[in-house]
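Not measured: the values here are computed from a predicted model. When a ligand or atom number is given, it counts from 1 through the structure's own listing order.
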Amino acid sequence: MAKVPYRIYLSEEEIPKNWYNLRADMKEPHDPLISPATHEPLKKEDLYPIFCEDLAAQEMDYTTRYFPIPEEIREFYKIYRPSPLCRAYNLEKALGTPAKIYYKFEGNNTSGSHKLNSAVAQAYYAKKQGLKGLTTETGAGQWGTALSEACAYFGLDLTVYMVKTSAQQKPYRKAIIETFGADIIPSPSDTTEAGRAILAKNPNTGGSLGCAISEAVEKAVTSDSCRYVLGSVLDQVLLHQSVIGLEAKTAMEKYGEYPDIIIGCAGGGSNLGGLIAPFMKDRLDGTKNPYFIAVEPASCPSLTRGKYAYDFCDTGKITPLAKMYTLGCEFLPSPNHAGGLRYHGMSPTLSKLYHDGYLDEARSYEQTKVFDAAVFFAKHETILPAPESSHAIRAAIDEALKCKQSGEEKTILFGLTGTGYFDMTAYMSYLEGSMTDYIPTDEDLQKGFDSLPKVE
Ligand SMILES: *Cc1c(COP(=O)(O)O)cnc(C)c1O
């Protein structure tokens, strides 16, 4: 076998032709989305006012294993995919580890993250249905950027509710989104009932993803020919993100490699769900047994300290209920948290895999430890990682250091979801030494749990 290059690039032809729906191979039945009013399972038609029809169908499809990727979407993918699978030789050397470290790098596009993989799909289906526009929320801004790119390409209007603190901290993100022609509204705003209610309760709030979601959903359902799209958490998003794992697996196979450990950061779970999907299939089929690790911030610890329960997907409590690990839809991470991954819940599919023991481990790190890893990685691998991605880097480094102790030559694969150019305020506070860690107390978390809906 040839020496593995620093960067393994597949050809255009090797871009996957199908997305893989992991739910089709999961052993236990999937808990459906339910109505907040009746607690009855929803049908795809119930979602039509919110989501466009093809996406509602994908959301509710637990059995179709492969979804053909429409040619128009594959054409768009060819602009920035396949993304490279990188061998971290320099990081390995700097750590002095016998472990082999690989990362799938999704930051080589203007959105600076994997979010474009789903944005283009969601914009395509909206266009196909003949809609005029879309609404969405964005936290750190990657999703808003990705969707604004996709909407510009397909000629759709877009309104983005951007978490207020983030809009203030990242004026350039806002400018990029506006460059692609989208409207940005800092959230909470007075343009929706949900936003006005949240402001009345908490006038100084810097906003949250859950609250921006409420506003974007309300705006979609009250506007003509407009639907809402979400960049994470949902099963349709995990489906689109399966391109990450499918490409990674093909690239590794070319060199006779297979990961012993697979690591991803977890905000709403879309990159992790997409990265692990084909490897988890092997695990579920009983052919291989890789070890899966989800990594989250200690300040927003939905998997490690949350409850597995039905909850709203938004703070304003207007979305359907999903069964997931959650901190409660009213949970707001501490304002000093700069590392992204701020969502209160976790993908229902990943939540179930974790609950049933297939996703082996969830761990959390404080943000200063995450930035230690980010800076170390940047120096050796010459990529400036996003703070979100750096959670996975932290865990990969720690696993590689364990191999150094034990002498084991494990193969580690992690998802490098994006670049951190718009996170320099956070990097600066880390470099100045003013970055602090805040871990919520049990009492802090209890407030969030008190907001959980009562579902029998
Ligand atoms: C959005 C984002 C994440 C977290 O979202 P998931 O849905 O959990 O993948 C991670 N990294 C980057 C760079 C992001 O933009």
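Here's the thing with Leu341: none of its N/O atoms is less than 3.5 angstrom from an N/O atom of ligand 1. The shortest N or O to N or O distance between Gly268 and ligand 1 is below 3.5 Å. Residue Ser270 has at least one nitrogen or oxygen atom sitting less than 3.5 Å from a nitrogen or oxygen atom of ligand 1, judged on distance alone. Inclusion of Gly269 in the set of residues having an N or O under 3.5 Å from an N or O of ligand 1 is warranted.
With hydrogens left out, the protein atom closest to atom 2 (C) of ligand 1 is Lys115 NZ, 2.4 Å, a heavy atom. At the top of the distance list for atom 11 (N) of ligand 1, counting protein heavy atoms only, stands Thr417 OG1, 2.6 Å. Atom 7 (O) of ligand 1 has as its closest protein heavy atom Ser232 OG, 2.4 Å.
A cation-pi arrangement is absent between Lys219 and Tyr161, since the terminal nitrogen or guanidinium carbon is not both under 6.0 Å from the aromatic centre and inside a 45° cone about the axis. No cation-pi contact links Lys447 to Phe331, judged by a cut-off of 6.0 Å to the six-membered ring centre and 45° from its axis.
Near Ala266, with a cut-off below 4.0 Å to any heavy atom, the atoms of ligand 1 are 8 (O). Per-residue contacts place Cys265 under 4.0 angstrom from the following atoms of ligand 1 (heavy atoms of the residue considered): 10 (C). In the vicinity of Gln142, heavy-atom distances shorter than 4.0 Å reach the ligand 1 atoms 13 (C), 15 (O). Listed by atom number, the atoms of ligand 1 under 4.0 Å from Glu388 heavy atoms are 10 (C), 11 (N), 12 (C). Close contacts of ligand 1 with Ser113, meaning ligand atoms under 4.0 Å from a residue heavy atom, involve 13 (C), 15 (O). Atoms of ligand 1 lying under 4.0 Å from any heavy atom of Gly267, numbered from 1 in the order shown and given with element: 8 (O).
In this structure, His114 is part of the shell of residues with a heavy atom less than 4.0 angstrom from ligand 1.
No salt bridge links Lys127 with Glu72; every basic N to acidic carboxylate O contact stays at or beyond 4.0 Å. The existence of a salt bridge linking Lys174 and Glu178 is confirmed by a sub-4.0 Å separation between a basic side-chain nitrogen and an acidic carboxylate oxygen.
Inter-residue side-chain proximity for Thr349 and Arg23 is flagged as met; some heavy-atom pair is nearer than 4.5 Å.
The aromatic rings of Tyr103 and Phe377 stand perpendicular to each other, their planes meeting at an angle above 60°, with 30° marking the opposite boundary.
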### Query
Checking side-chain hydrogen bond (donor to acceptor under 3.5 Å, both in side chains) for the pair Asn109/His114: CA distance, chi angles, key distance, verdict?
CA-CA 9 Å; Asn109 68 74; His114 65 288; over 6 Å; no

### Task
Evaluate the ring pair (Phe, Tyr, Trp, His ring centres under 6.0 Å) criterion for residues Tyr325 and Tyr354: first the C-alpha distance (whole Å), next the side-chain angles of each, then the deciding distance (0.1 Å), finally the verdict.
CA-CA 9 Å; Tyr325 279 89; Tyr354 183 54; 5.3 Å; yes

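Between the side chains of Tyr62 and Asn21, no donor N or O sits under 3.5 Å from an acceptor N or O.
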